[in-house]
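Structure record follows, encoded as structure tokens.
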Number of protein chains: 2
Amino acid sequence: MEFIEAKNKYIQTWGALGSQWGINKTMAQIHALLMISTEPMSIEEIMDELQISRGNASMNIRALIDWGIVFKESKSGERKEFFTAEKDLDKLAITIAKERSKREIKPALRILQEVSNIEINNSKNQKQFKEQTEKLYDFVLKTDNIIEKMTQYKENWLSKLIVKIIK
Amino acid sequence: MEFIEAKNKYIQTWGALGSQWGINKTMAQIHALLMISTEPMSIEEIMDELQISRGNASMNIRALIDWGIVFKESKSGERKEFFTAEKDLDKLAITIAKERSKREIKPALRILQEVSNIEINNSKNQKQFKEQTEKLYDFVLKTDNIIEKMTQYKENWLSKLIVKIIK
DNA sequence: TTAAAGTTTCAGAAATAATTGAAACTTTAT
DNA sequence: ATAAAGTTTCAATTATTTCTGAAACTTTAA
């Protein structure tokens, strides 16, 4: 396989995986591209490599910066802005996990708590509802707590986790 | 809050969370509905509760069955088919994790391995490509291994995991 | 101050994904 | 054997998400 072919395959794969997990394709592809770039890239270079429009590139770069996994960089002497990606995968995963917790899990938790706290009569249906939503709340809360704990390790948490699980 | 209102809110929330994580909204909603149902439900009841078409209900129920988190049930005396959901959240999470590993992570791994194994010249770019895709492969593989390990606990793995992480 | 270069925004277009509904198919009971 | 009831399928429609590209805005340097 050619380098170019491998590179394209890698970017496509990462983009597809992104969409399957709720991250938009272009966003994932831009990140993938920056991950394997040795130098910070300009918006033009990104547009060119991925064959996407300026608007699309700009919006998704901004989103990646909001997520905290891509950084602006100013090359001295150049007026243009350049971008680099977080390349440390442990850090990357933690940042994504934290953000998704904040944006998606925490709001869902709030609602689960709210609905599981309703006053019920003693009908079978309402009892079951309360019981299941309480369980769901507990479960999601535990999951979120795990994410929080992971976050504290920072260095090599994945390897540490494996060791802990195995023993 | 009314029971009906709480129920709708719960179903909407679960559906939204589903879409954010790559599971289609209706699929997540049907599962949410079955989770709080005390009795197996027929396709008509599901259509009626969620206000969706027969085709949509049927396709998504079938998908849930394929995933292994909803089961067909035949009530004795009734010809119609009824459906129940896996209500144990530990089992549910494990089943979903296993399926997603099989459907999405494993194929991605194959490609990462493939592209990280290309012959490279000694240009900076190609070296960086190989290095990063190898790291990515290792990382995704480790993640997948964790999922596999989890799977083996079955009972109360989430609680067990928390204990292990904390100490 | 101004105009060229660089950057961002956003309404409309395009692509993708989900849903409908009616037709085809299957099962059951007579 | 047949027709009513139940179930599944899938082409066409609808909804949602993403992307484009041109216009507006900002920065820089002469």
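Here the structure is a predicted model, which means the values were calculated and not measured.
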Think B/R62 has a side-chain N or O under 4.0 angstrom from the OP1 or OP2 of D/dT7? no
Taking atom NZ of A/K91 as the centre, report whether more than 12 heavy atoms of other residues, nucleotides or ligands fall under 6.0 Å from it. no
Check every atom of D/dT20, C/dT20, C/dA18 against the side chain of B/T26 and return the nucleotide holding the closest atom. C/dA18
Selected nucleotide, minimal atom distance to A/K72 side chain, candidates D/dT8, C/dT8, D/dG6: C/dT8
Nearest whole Å is fine: how far is C/dT20 P from B/I46 CD1? 14 Å
Rounded interatomic separation in angstrom, taking CD1 from B/I61 and P from C/dT19: 13 Å
Is it the case that over 12 heavy atoms from other parts of the model lie below 6.0 angstrom from the NZ atom of B/K72? no
Below the 4.0 Å mark, does C/dA18 have OP1 or OP2 next to a side-chain nitrogen or oxygen of B/N56? no
Whichever of B/M59 and B/E44 has its nearest DNA chain D nucleotide further upstream toward 5': B/E44
Rounded to the nearest angstrom, tell me the gap between atom CG in B/D48 and atom P in C/dT20. 13 Å
Among D/dC19, D/dT8, C/dT7, the nucleotide that comes nearest once only the side chain of B/R54 is considered: D/dT8
Round to the nearest Å and state the distance from A/I43 atom CD1 to D/dC19 atom P. 14 Å
Does one side chain, of A/S123 or A/N121, offer a donor that lies under 3.5 Å from an acceptor on the other? yes
Write down the distance between CG (A/N24) and C1' (C/dA17), rounded to a whole number of angstrom. 14 Å
Check: B/F71 ring centre within less than 6.0 Å of B/F83 ring centre: no
Could B/E148 and B/K142 be called an ion pair, given the rule that one side-chain N must be under 4.0 Å from one carboxylate O? no
Of A/E81 and A/K25, the one whose closest DNA chain C nucleotide lies more 5': A/E81
d(CD, A/Q51; P, D/dG21) in whole Å: 11 Å
Expressed in angstrom and rounded to an integer, what is the separation of B/N60 atom CG from D/dT8 atom P? 13 Å
A/S58, nearest nucleotide to its side chain (from D/dT7, C/dT8, C/dG6): C/dT8
Rounded to whole Å, CD1 of B/I65 lies from C1' of D/dT9 at a distance of 15 Å
